[in-house]
Amino acid sequence: MIRQAVIMAGGLGSRLKEKTTVRPKGALEIAGVPMVERSIQKLSAAGIEEIIIGTGHGKEWYEDCAARYPGITLVHNRRYAETGSMGTLACCAPAVRGDVLLLESDLIYDAIGLTVLINDTHPNVLLASGPTGSGDEVYLEADEGGYLVRHSKNRAALGSSAGELVGITRLQKETLERMCAYMQGRLGDDPRMDYETALSAVSAAGPDKVYIRAIQHYLWREIDTAADLAAAETVVYPRIAEAESLRRIQREVLLNPGPATTTDSVKYAQVCADICPRETAFGEVMAWICAELSGMAGKPGRVETVLFGGSGTAADEVMVSSCVPDTGRLLVVDNGAYGARLAEIASVYKLNYEVYTSSGSAPLDTEAVKAKLMEGRFTHCALVYHETTTGLLNPVPELCRFCREQGITTIVDAVSAFAAIPIDMDEDGIDFMASTSNKNLQGMAGVALVFCRKEALERIHGYPLRNYYLNLWDQYRHFKQTRQTRFTPPVQTLYALRQAIIETKQETIAKRYARYAACWDELVTAVKRLNLTMLVPEAVQSKLITAILDPPFPGYRFDTLHDRARSYGFTIYPGKLADANTFRIANIGDIQPAEMARFTQVLEAYIRELEQSSVNPQRAGE
């Protein structure tokens with residue numbers, strides 16, 4: 001698996017004259033987006049976790065870029081004016097941990113090239129194209145096996161041409177180190193060495209041969225001159241944009257409370273080479289997922305994440321069945337369908353439990369809950385952070401901190417809160433917490449997540465084994481010992497989750513919640529304009545899910561509204577309350593405020609029709 005990429009961006013770009021006087025060449029915009037920024041987006045979508053950028057001229061621009069993209073590591077080549085691209089690459093080499101993608105900074109290219117290199121079976125492989133007629137081609141010569149032996153800008157100097165160098169290569173770490181050693185041995189003769197010089201020399205000498213993967217009609221352009229820039233803007237980029245658009249998946253905006261809308265890159269992450277999940281490489285993927293998720297739930301080293309194949313309810317069942325001893329006494333806070341579900345799980349396992357019932361549409365009375373906990377001498381408390389039934393946000397940190405002070409273990413369903421609401425399990429007093437891959441993480445459905453504070457997890461060792469598949473301690477212990485789950489994990493869904501985590505880190509949880517809140521603002525503005533009523537007071541809403549009372553018109557039918565919305569690419573969800581007729585609109589997942597605004601137009605058109613029908617009963621019956 002390729003986890004890192006290096007972008008060589010140390011050049012002066014002098015042939016572009018005034019265009020690169022104060023900014024680097026990679027900052028030049030094509031269709032409104034800087035070339036390097038577009039590369040960053042494509043690399044992230046291809047599953048690259050870290051992008052190392054070797055800077056030189058105009059390093060301040062890259063510093064600003066890195067502030068916007070958390071997955072970037074900057075390495076400055078202080079001698080950029082005296083060295084070539086190999087000098088910048090050598091500065092980056094110590095940060096490379098394994099196989100790596102290597103890119104020039106001044107490229108526009110079809111993202112399919114990244115997919116081709118990532119999936120190629122050769123250990124080292126560079127991307128080549130057919131003739132481009134750009135005027136500054138670097139031609140490649142291959143041996144009879146298709147491996148690079150020489151390159152030149154003079155076509156006549158080569159015995160044959162295997163294609164033109166694109167500027168995107170996949171290398172093993174050992175090959176990169178040999179390139180650096182080659183450069184060091186020739187600094188006196190060639191201080192401005194280009195990376196392709198070292199690449200050709202190392203490949204020709206062996207054993208690190210570099211295979212040439214040619215795509216005859218590949219769409220790309222290197223920007224060295226004003227003429228290149230003009231050709232890129234008017235000819236090449238429009239073709240790239242068209243080609244990439246053909247690979248887009250039909251867009252459906254899911255306004256149901258999960259699974260959530262996902263990016264195409266998350267969907268495509270499932271399309272990968274088959275692998276036995278018992279392989280070390282896949283164990284490393286799962287370990288990375290656990291480490292990254294733990295970092296989202298608490299400080300380094302404080303939280304353990306345990307994976308199960310299953311839904312959010314599976315994660316809830318793991319906690320309730322695994323974390324309460326026979327001598328324990330559990331209080332379940334029920335102010336919605338998911339609190340009630342926690343109580344049902346406790347009932348199935350015949351635990352010693354009671355239920356504190358509260359309104360699903362009003363703020364939870366924290367003082368009453370605290371009093372109940374003390375009066376009943378409860379050892380454990382289970383509650384829902386964000387009640388997905390209604391969008392009600394419960395005061396979990398306040399209650400859980402109180403429980404910690406009283407020595408009460410806390411079990412929290414954060415299925416639709418995690419990765420939107422900031423959570424620190426230590427600071428918030430949460431011992432065990434459940435979530436899932438398919439809500440605010442914006443992955444695919446199928447992975448249940450159980451987060452555990454380390455001390456709380458250690459305490460459950462020796463608790464009764466009430467469930468075979470969903471036992472928390474056994475799953476945790478087995479993974480720690482083997483980096484494997486006890487039973488077959490959902491492989492493709494975990495690859496999608498890995499990609500979703502990369503994208504969550506890129507966006508950040510704070511910015512994701514801000515986007516969700518902006519979508520909620522669009523919805524609430526429309527709800528008020530249409531004189532509809534929200535079930536939960538605004539002050540205690542999560543801004544993630546909104547329960548709306550059914551419109552007060554005789555002709556209203558949820559199925560009609562659902563089908564109307566579906567015809568425009570929106571999916572909505574009915575309510576889930578016994579004492580109120582509602583429908584729910586969620587604004588989680590990969591959705592934008594403009595999309596929510598379009599949905600509100602569909603909603604408004606339907607409501608206006610109902611208003612007219614109530615004035616004209618004959619029309620209502622048509």
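For reference, positions follow the sequence shown, starting with 1.
- Under the salt bridge (Lys or Arg N to Asp or Glu O under 4.0 Å) criterion, Arg329 pairs with Glu354, sequence neighbours left out.
- Pairs passing the ring-ring contact (aromatic ring centres under 6.0 Å, His included) check and including a residue from residues 404-423, sequence neighbours excluded, read Phe418-Phe451.
- In terms of the side chain to side chain donor-acceptor pair (under 3.5 Å) criterion, Thr390 has no residue partners (sequence neighbours excluded).
- Residue pairs meeting the salt bridge (Lys or Arg N to Asp or Glu O under 4.0 Å) criterion with at least one member in residues 43-55, sequence neighbours excluded, are Arg3-Glu49, Glu49-Arg498, Glu50-Arg97.
- Not a single salt bridge (Lys or Arg N to Asp or Glu O under 4.0 Å) links Glu60 to another residue, sequence neighbours left out.
- Taking Tyr356 as the reference, nothing meets the ring pair (Phe, Tyr, Trp, His ring centres under 6.0 Å) condition, with sequence neighbours excluded.
- The side chain to side chain donor-acceptor pair (under 3.5 Å) search around Thr436 returns Asn438, not counting sequence neighbours.
- Considering only residues two or more places apart in sequence or on other chains, Arg584 meets the salt bridge (Lys or Arg N to Asp or Glu O under 4.0 Å) condition with none of them.
- Partners of Asp590 by side chain to side chain donor-acceptor pair (under 3.5 Å), not counting sequence neighbours, listed by chain and number: Arg251.
- In this structure Tyr353 satisfies the ring pair (Phe, Tyr, Trp, His ring centres under 6.0 Å) test with no other residue, sequence neighbours excluded.
- Residue pairs meeting the salt bridge (Lys or Arg N to Asp or Glu O under 4.0 Å) criterion with at least one partner in residues 288-307, sequence neighbours excluded, are Glu292-Lys505, Lys299-Asp424, Lys299-Glu427, Arg302-Asp426, Arg302-Glu455, Glu304-Lys454, Glu304-Lys480.
- Partners of Asn119 under the side chain to side chain donor-acceptor pair (under 3.5 Å) rule, at least two apart in sequence or in another chain, do not exist in this structure.
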